[in-house]
Amino acid sequence: MKKKLFIFMCAGMMMTGCAGQGSGENKEPEVISLDLGGNAQSDDANKEQANNIADSDAGEIVQSGENTTSQEPETESAAKDNNENIQNNENTQDLYMQFINNEVPVNIANDYPQNDYMIFGLEGGKSYTFAELGQYINQSYFDPAYSEKTAYDYAQYTYVDCPDSNSQNFLIKFVGLNIYTQGDDSFAVFVITENNGQLYLTGEYECWARSYTEQYRNGLCINGGSAGAGDHYSGESVILSNGKITDIYGVETLSGWWTSYVSETIFNEVFDENTEVPLEVSIYTIGEEKYYTYDFSECTDDQVILCETYIDRCRDEVGIKWVTDAEIDAAIQKRCSAIGVSGDTIGQQEMVTWTNV
């Protein structure tokens with residue numbers, strides 16, 4: 001899918017001024033000069049004219065000074081807000097470090113998402129120190145009946161900005177969890193959020209052999225995975241200031257026989273069961289809506305006719321609404337606006353740096 005990067009340019013204004021020059025002789029006799037009209041003026045007249053010019057310049061300076069003064073409160077306010085944000089983030093980071101040092105616990109939010117397949121769950125209202133959270137990881141991921149391994153390999157942490165505010169979230173990663181197979185490098189990441197001086201566990205995600213999440217400094221997460229050779233998933237989400245991992249969009253890309261997921265009945269009627277057709281269908285989930293796109297650019301002329309028949313029948317008989325890439329982009333931008341995130345967020349992809357605990 002194409003991503004667009006919008007660049008805004010600003011133009012500056014330059015103001016120039018000019019100053020006049022004067023000359024005179026250091027003599028006692030009265031000095032006579034000519035004005036622009038050719039009339040003679042005495043030194044007293046020159047002095048009066050100079051005073052008038054000086055008064056006029058002074059008025060301009062005062063007026064300019066008044067304009068500058070009127071802008072200062074806004075500048076000072078912005079600087080004050082920025083300093084407060086920096087101080088708040090520093091205080092929050094200190095609190096996060098206290099958690100790493102087992103000095104303060106993390107509370108489980110009441111709406112914390114539970115994984116049904118976990119042996120032990122993180123109950124809402126309970127609290128854990130970092131060491132206790134590590135024990136939970138070991139109990140949840142290592143079953144003595146199937147594995148000789150009893151503990152994760154190591155833990156790391158990092159900070160991520162919140163794309164909807166000036167705050168930061170804290171991520172803890174536990175590596176070496178044997179999710180897919182023995183001795184793999186699978187890991188789980190837990191999101192910790194500060195609220196009124198308290199730490200809360202607000203979200204988590206896993207990465208293993210058939211799934212991944214790339215974490216970026218601005219809170220953006222790029223996800224991917226596979227459910228089979230012709231069924232792949234990708235998408236983007238963000239970690240908001242409340243610590244919730246919120247989807248921007250997700251897309252399931254189907255190819256060949258897997259495109260029958262759209263309508264198995266119509267697929268079997270259009271294509272022979274032994275026919276391999278390089279048709280590709282993408283199903284986007286954006287907010288509460290689903291959008292469908294197709295691509296048969298790799299098909300032969302004969303295959304294109306069959307693919308067009310399948311696409312048309314899915315639209316007419318099943319009600320599938322096929323859309324363009326431009327419509328997908330517009331829906332993604334609308335989704336970003338709905339969750340309070342700039343549409344440019346998805347283009348800012350600077351990966352985080354993890355620090356070993």
Nearest-0.5 Å distance that lies between atom OH in Y157 and atom OH in Y96: 13.0 Å

Close aromatic pair by centroid cut-off 6.0 Å: Y310 and F271: yes

Is it true that atom OH of Y180 has more than 12 heavy atoms of other residues, nucleotides or ligands lying nearer than 6.0 Å? no

Is the CD atom of E132 crowded by more than 12 outside heavy atoms at less than 6.0 Å? yes

Qualifying residue, where the test is side-chain hydrogen bond (donor to acceptor under 3.5 Å, both in side chains) with D161 and the options are Q348, R217, Q168: Q168

Is there a donor in the side chain of Y205 and an acceptor in the side chain of Q215, or the other way round, less than 3.5 Å apart? yes

Inspect the contact between D111 and K244 and indicate whether a charged nitrogen and a carboxylate oxygen are less than 4.0 angstrom apart. yes

Taking E194 for its side chain and N196 for its backbone only, find out whether a donor-acceptor pair lies under 3.5 Å. yes

Could you state the interatomic distance from SG (C307) to CG (L279), rounded to the nearest 0.5 Å? 4.5 Å

Run V251 and I283 through side-chain contact (heavy atoms from CB on, under 4.5 Å) and show every step you take. CA-CA 5 Å; V251 54; I283 307 173; 6.0 Å; no

Test: K149 cationic atom under 6.0 Å from F142 six-membered ring centre, within 45° of axis: no

To the nearest 0.5 angstrom, please state how far the CH2 atom of W322 sits from the SG atom of C314. 5.5 Å

Using the six-membered ring wherever Trp is involved, compare the ring planes of F170 and Y159 and label them parallel, tilted or perpendicular (cut-offs 30° and 60°). tilted

Gap separating the CZ atom of F267 from the OG atom of S260, nearest 0.5 angstrom: 5.5 Å

Decide yes or no for I328 and T293: does some side-chain heavy atom of the first lie under 4.5 Å from some side-chain heavy atom of the second? yes

So does D247 get a backbone contact from the side chain of R335, meaning a donor-acceptor N/O pair under 3.5 Å? yes

Hey, what do you get for OH (Y212) to CG (N223), rounding to the nearest 0.5 Å? 8.0 Å

How long is the span from the CD atom in E236 to the SG atom in C221, to the nearest 0.5 Å? 9.5 Å

Do L254 and W257 land in one hydrophobic cluster if side-chain heavy atoms of ILVMFWY residues count as linked below 4.5 Å? yes

State plainly whether the residues D316 and R313 are in salt-bridge range, i.e. N to O under 4.0 Å. no

Got a donor-acceptor contact below 3.5 angstrom from the S140 side chain to the I137 backbone? no

Under 3.5 Å donor-acceptor, S147 side chain and P144 backbone: no

Is the backbone of K334 close enough, under 3.5 Å, to the side chain of S337 for a donor and an acceptor to pair up by distance? no

Decide if the gap between the ring center of Y294 and the ring center of Y292 is smaller than 6.0 angstrom. no

Less than 3.5 Å apart, any donor N or O on the side chain of T246 or S237 sitting next to an acceptor on the other? no

